[in-house]
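Here is the structure we will look at.
Predicted, not measured: the structure shown is a model, and the values here were computed from it. In each ligand, atom 1 is the first atom listed, and ligand 1 is the first ligand listed. Basis for what follows: all heavy atoms, side chains included, without hydrogens, waters or symmetry-related copies.
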Amino acid sequence: MTVTLEKSVQDFISTPRQLFIGGQWVDAASGRTFATPNPATGDTLAHIAEADREDVDRAVRAARAAFEEGPWSRMTASERGRIIWRIGDLIEQYGDELAQLESLDNGKPYAVARAADIPLAAELFRYMAGWATKIEGNTISLSVPYMPGSEFHAYTLREPIGVVAQIIPWNFPLLMAAWKLGPALTTGNTVILKPAEQTPLSALRLAEIMAEAGLPDGVVNVLPGYGETAGAALAAHDGVDKVAFTGSTEVGKLIVQAAAGNLKKVSLELGGKSPNVVFDDVDPALAIPGAANAIFFNHGQCCVAGSRLFVHESRFDEVVGGVADIARGIKLGSGLDPETQMGPLVSDEQFRRVTGYLESGRAEGARTVAGGQRHGDRGYFVQPTVITDTTPDMSIVREEIFGPVVVASPFSSLDELAAQANDTAYGLGAGIWTRDVNKAHALAKRLRAGTVWINCYNVFDAALPFGGYKQSGWGREMGHEVLEAYTEVKAVCTQLHP
Ligand code: NAI
Ligand code: MG
C-alpha cells in the first residue's frame, strides 16, 4: 500500500520545472538543469532548471523593480495582508498535493508532512498577514541640550529593507520557505528565494500558489540551484539589501563574508547540538517518548534535534533503555507508505555524513545500544541510533550529526549538568523534563539556547520566536521579533517654528 499520487503531482514532477523570475517561468540562462532524486530509491524524481549568476542578476533586477516601481510598494498594508492570508488559505487548500511533493522530494512520511509541515506553513502566513497593518513607529520627545527653547516633532517610520535574498535548507522545504517569506512580505520587502538543491519542488509549487493568491510579479522570485553557485552569487550580490540564511554553521560563516561587500544585512539560523535533560522525578511515560521524539522527529534532520540526552544517573538505564526500545521499534520505509514512521535521509551526501559519524563513534570507543547501521540496501535509510559511553571531546558529542542519532550521558548534580549542557559551540534548543517547577525554570535560565522546552519538545508556533545563541545564528525568526530583521527604522525630526 502506498499513498496514491494526485494527478497534479504526477504532472508537476513529470514536466521539467523552470525558474520563476518577474512572474514568468523561464529556463536558466545557461540552459542547464539538474535532477532531484527520490531519497527512498535514489532514482531521479524530477528535472529542474539550474539557476546561476546570470539568473541571479535577472531575479535581483525583477525584485528591485517590484520594490521600487511595482504595485507592491503602492498597495495598502491591508491589501498586502489579505494576499498573504490568501497564500495561507491556498496552502491549506492544496495541502494533500503539497504534502505529497514534500514526501517525495524530502523523504519524510506523507502523514507527517500533512499533519505538521503543511498546516504550520499555512498558519505562518496567516500569523504574518495580521502584522501587515500593525507595523508602527513611535513619536519621540526631544530635549536637545544645545538648542534651548526649541520645539520638535519627531517620529520613527519602520520601513522595508528592500530586496531580500533568502537561502533555505531541505529539512522542512515548504515550512522554511514560509518562515522566510511570511515576515519579508508582511513588512513590504521583495524576495529572491533559493530553495535547497535537494528539495526544490514545493517552493516552485508555492510560487504558483503565491501568484494565484494575487502576489504581484517580481515580489517573490524562486531560483532553484546549487549553493556554491546561485547561493553564493545571491549572498555576494550588490543589488541585494539583506540575506537571510538557514543551513549549516559552516556556510553561515561564508554568507557573512560574502555579505561584507556591500554590508547587506544578515540573519542566520544555523546548526545545533541541543541538550535534552531528564531529571530523576519524571514520569517515564512522558519523558521516554518525549526524549525519543526530540531526536527522531524528521529523522533527526532538525536544527533543534535533542541530540545530546542527559539523564539523571538514578534513572539513566531506565530512560536510555526506553528510548532504545522505541528506536528499535520505529518502522522505516518510503514516505508514501502509510505504515512508515521514519523515511530515508534526504540525500546520499547526508547518508554518508551520518554513517560516517556512526563509524567515528565506534572507532572512538562509544557504545551503540540501538541501531548504528544502514537500514536496507536501497535509498538513504539509517537506523534510529542510541549511543552511550561517550566522552565530551568525541566528534559525535561535539558536532551536529543531523540524523537519527542521540548520544546519552548521565549526570548527578544541577551544576554539573548546566556546565555540560552549555559545553557546545551551539545554542539553538534545549529540553527539560521534570515535575519540579523550581528546577525547570532555574535550569531554563542557565541554558544558553534560543528555545527551551519544558516537558515537551519540537513545539513550534508562528507566534513563538525561534533562533540561536552562540554559533546557532543571528536574529530570530517568527513571533514579532522577526519583524525587526526585515525592517529599517527611520528617525524623522522636524523643528517647529511657530
Ligand atoms: P548547507 O548549509 O550547505 O545548505 C543549506 C543551503 O545553503 C542550501 O540552499 C544550499 O544550496 C545553500 N548553500 C550551500 N553553500 C552555499 C554558499 N557557499 N553560499 C550560499 N548558499 C550556500 O547544508 P547541507 O550541505 O545541505 O548540510 C550540511 C549540514 O548542515 C547538515 O549535516 C546539518 O548539520 C547542517 N544543516 C543545518 C540546517 C538547519 O536547519 N540549521 C539545515 C540543513 C543543514
Ligand atoms: Mg553544503
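- Here the shortest heavy-atom distance to atom 35 (C) of ligand 1, taken over Lys194, Met176, Glu400, belongs to Glu400.
- Each of the atoms 18 (N) of ligand 1 lies under 4.0 Å from some heavy atom of Leu254.
- Annotation: cation-pi geometry satisfied between Lys242 and Tyr486 (NZ/CZ under 6.0 angstrom from ring centroid, within 45° of ring axis).
- The aromatic ring centroids of Phe20 and Trp25 lie less than 6.0 Å from each other.
- Contact atoms of ligand 1 toward Ile168: 6 (C), 8 (C), 9 (O) (distance under 4.0 Å to a heavy atom of the residue).
- For atom 2 (O) of ligand 1, the nearest protein heavy atom lies closer than 4.0 Å.
- Taking any N or O of Gly227, backbone or side chain, at least one lies under 3.5 Å from an N or O belonging to ligand 1.
- In this structure, Trp433 has its ring center at least 6.0 angstrom away from the ring center of Tyr457.
- Of all protein heavy atoms, the one lying nearest to atom 7 (O) of ligand 1 is Phe245 CE1, 3.1 Å.
- Looking at Ala305, Gly247, Gly271, it is Gly247 that brings a heavy atom closest to atom 37 (C) of ligand 1.
- Of the protein's non-hydrogen atoms, Leu270 O, 3.0 Å is the one closest to atom 41 (N) of ligand 1.
- When each atom of ligand 1 is checked for a heavy atom of Gly231 under 4.0 Å away, the hits are 19 (N), 20 (C), 21 (N).
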